[in-house]
Amino acid sequence: MNRKYLGYLFEVAWILPSVAVPIAFLVAIVITAFAVGIAVPGNVGRVDPKALNTTAPFDQPGLRELAPGRYEAVVIAQLFNFTPGELEIPAGSRVTFIVSSRDVIHGFKIEKSPINMMVVPGQISRMTTTFDTPGEYYIYCHEYCGAGHHLMVGKLIVTPAQTASTSR
Ligand code: CUA
């Protein structure tokens with residue numbers, strides 16, 4: 001091959017990835033945002049972290065069934081645990097997690113699910129997903145929050161869905 005064309009080939013070999021790689025990143029972001037449902041926590045609300053005990057919905061942390069198979073889980077993150085520390089739902093449930101912190105920045109990540117949020121004092125983090133597979137899912141604090149950070153673990157238990165014959 002002529003030297004001139006070889007140089008041209010090298011140019012193209014560098015230019016193509018420099019265009020293709022950012023496009024691949026963009027496509028990955030669009031797919032995760034719209035198809036997989038992974039999102040950064042939006043500014044869904046503010047709350048006084050010192051007054052969580054008297055501010056709805058954090059004055060009553062826990063799981064609430066809004067409709068059959070539709071739940072809302074209000075969780076408070078604090079040094080070094082989650083309140084409540086354990087949640088139990090039947091498989092197939094769609095759960096909206098509403099989380100805030102009482103003290104410092106924590107994380108709220110449920111393994112094997114798209115739920116992955118920062119929990120910032122003063123802000124409300126909210127995300128929804130469906131749990132189809134029964135099992136135990138650990139909830140991790142993945143923001144370093146102090147000496148007990150590694151102990152800050154909660155649990156979500158997804159029980160096998162009831163069949164029509166056993167439910168009522
Ligand atoms: Cu809470 Cu790390």
Side-chain angles (χ1 to χ4, degrees), residues 29-168:
I29 289 170
V30 170
I31 288 174
T32 52
F34 294 103
V36 188
I38 294 174
V40 293
N43 183 15
V44 295
R46 310 207 126 226
V47 67
D48 180 358
K50 291 189 182 68
L52 282 188
N53 285 344
T54 53
T55 310
F58 299 101
D59 53 344
Q60 287 178 308
L63 200 63
R64 264 180 286 286
E65 187 168 13
L66 307 173
R70 187 71 179 83
Y71 292 87
E72 185 178 86
V74 176
V75 179
I76 295 175
Q78 63 221 324
L79 302 165
F80 294 101
N81 57 53
F82 297 105
T83 302
E86 204 172 287
L87 300 163
E88 191 175 317
I89 50 161
S93 299
R94 188 156 177 80
V95 188
T96 297
F97 295 90
I98 301 169
V99 190
S100 195
S101 167
R102 199 189 289 291
D103 35 50
V104 300
I105 294 176
H106 296 282
F108 189 86
K109 169 159 177 58
I110 304 180
E111 62 170 344
K112 294 176 269 178
S113 90
I115 301 293
N116 182 348
M117 305 188 285
M118 278 181 80
V119 185
V120 181
Q123 285 195 20
I124 300 169
S125 301
R126 179 158 57 198
M127 255 188 107
T128 302
T129 196
T130 305
F131 294 89
D132 289 322
T133 313
E136 292 190 354
Y137 297 74
Y138 284 107
I139 304 172
Y140 296 108
C141 173
H142 58 32
E143 293 288 337
Y144 182 73
C145 53
H149 162 70
H150 62 292
L151 303 170
M152 192 164 167
V153 181
K155 197 193 277 183
L156 173 77
I157 299 165
V158 180
T159 58
Q162 292 181 325
T163 59
S165 57
T166 56
S167 69
R168 83 199 75 167

Non-neighbouring partners of F108 that pass ring pair (Phe, Tyr, Trp, His ring centres under 6.0 Å), sequence neighbours left out: F82, F97

Give the table of side-chain donor-acceptor pairs shorter than 3.5 Å for residues 133-143, with sequence neighbours excluded, one pair per line with atom names and distance.
from	atom 1	to	atom 2	distance (Å)
E136	OE1	K155	NZ	3.3
Y137	OH	T133	O	2.5
H142	NE2	N116	OD1	2.5

Atom of M117, atom of V99 and distance for their closest heavy-atom approach: CE-CG2, 3.6 Å

Pairs meeting criterion side chain to side chain donor-acceptor pair (under 3.5 Å) with involvement of residues 105-114, two or more places apart: D103-H106

For N53, all residues meeting side-chain hydrogen bond (donor to acceptor under 3.5 Å, both in side chains), sequence neighbours excluded: R102

Exam field: side chain S125 to backbone M118, donor-acceptor pair closer than 3.5 Å: yes

Beyond-backbone contact of C145 with L79, side-chain heavy atoms, under 4.5 angstrom: yes

Using distance only, find each side-chain donor-acceptor pair of residues 56-70 under 3.5 Å and give its atom names and separation, not counting sequence neighbours.
from	atom 1	to	atom 2	distance (Å)
R64	NH1	Q60	O	3.3
R64	NH2	Q60	O	3.3
E65	OE2	G69	N	3.4
R70	NH1	R94	O	3.3
R70	NH1	T96	OG1	3.2
R70	NH2	T96	OG1	3.0

Contact list for residues 114-123, test salt bridge (Lys or Arg N to Asp or Glu O under 4.0 Å), sequence neighbours left out: none

Atom of S100, atom of V120 and distance for their closest heavy-atom approach: OG-O, 4.1 Å

Which donor-acceptor pairs under 3.5 Å do the side chains of residues 83-91 make with protein atoms, sequence neighbours left out?
from	atom 1	to	atom 2	distance (Å)
T83	OG1	Q78	NE2	2.4

Side chains of P121 and I105 in contact at under 4.5 Å (non-hydrogen atoms): yes

Nearest non-hydrogen partners of Y71 and S93, listed with the distance: CE1-OG, 3.3 Å

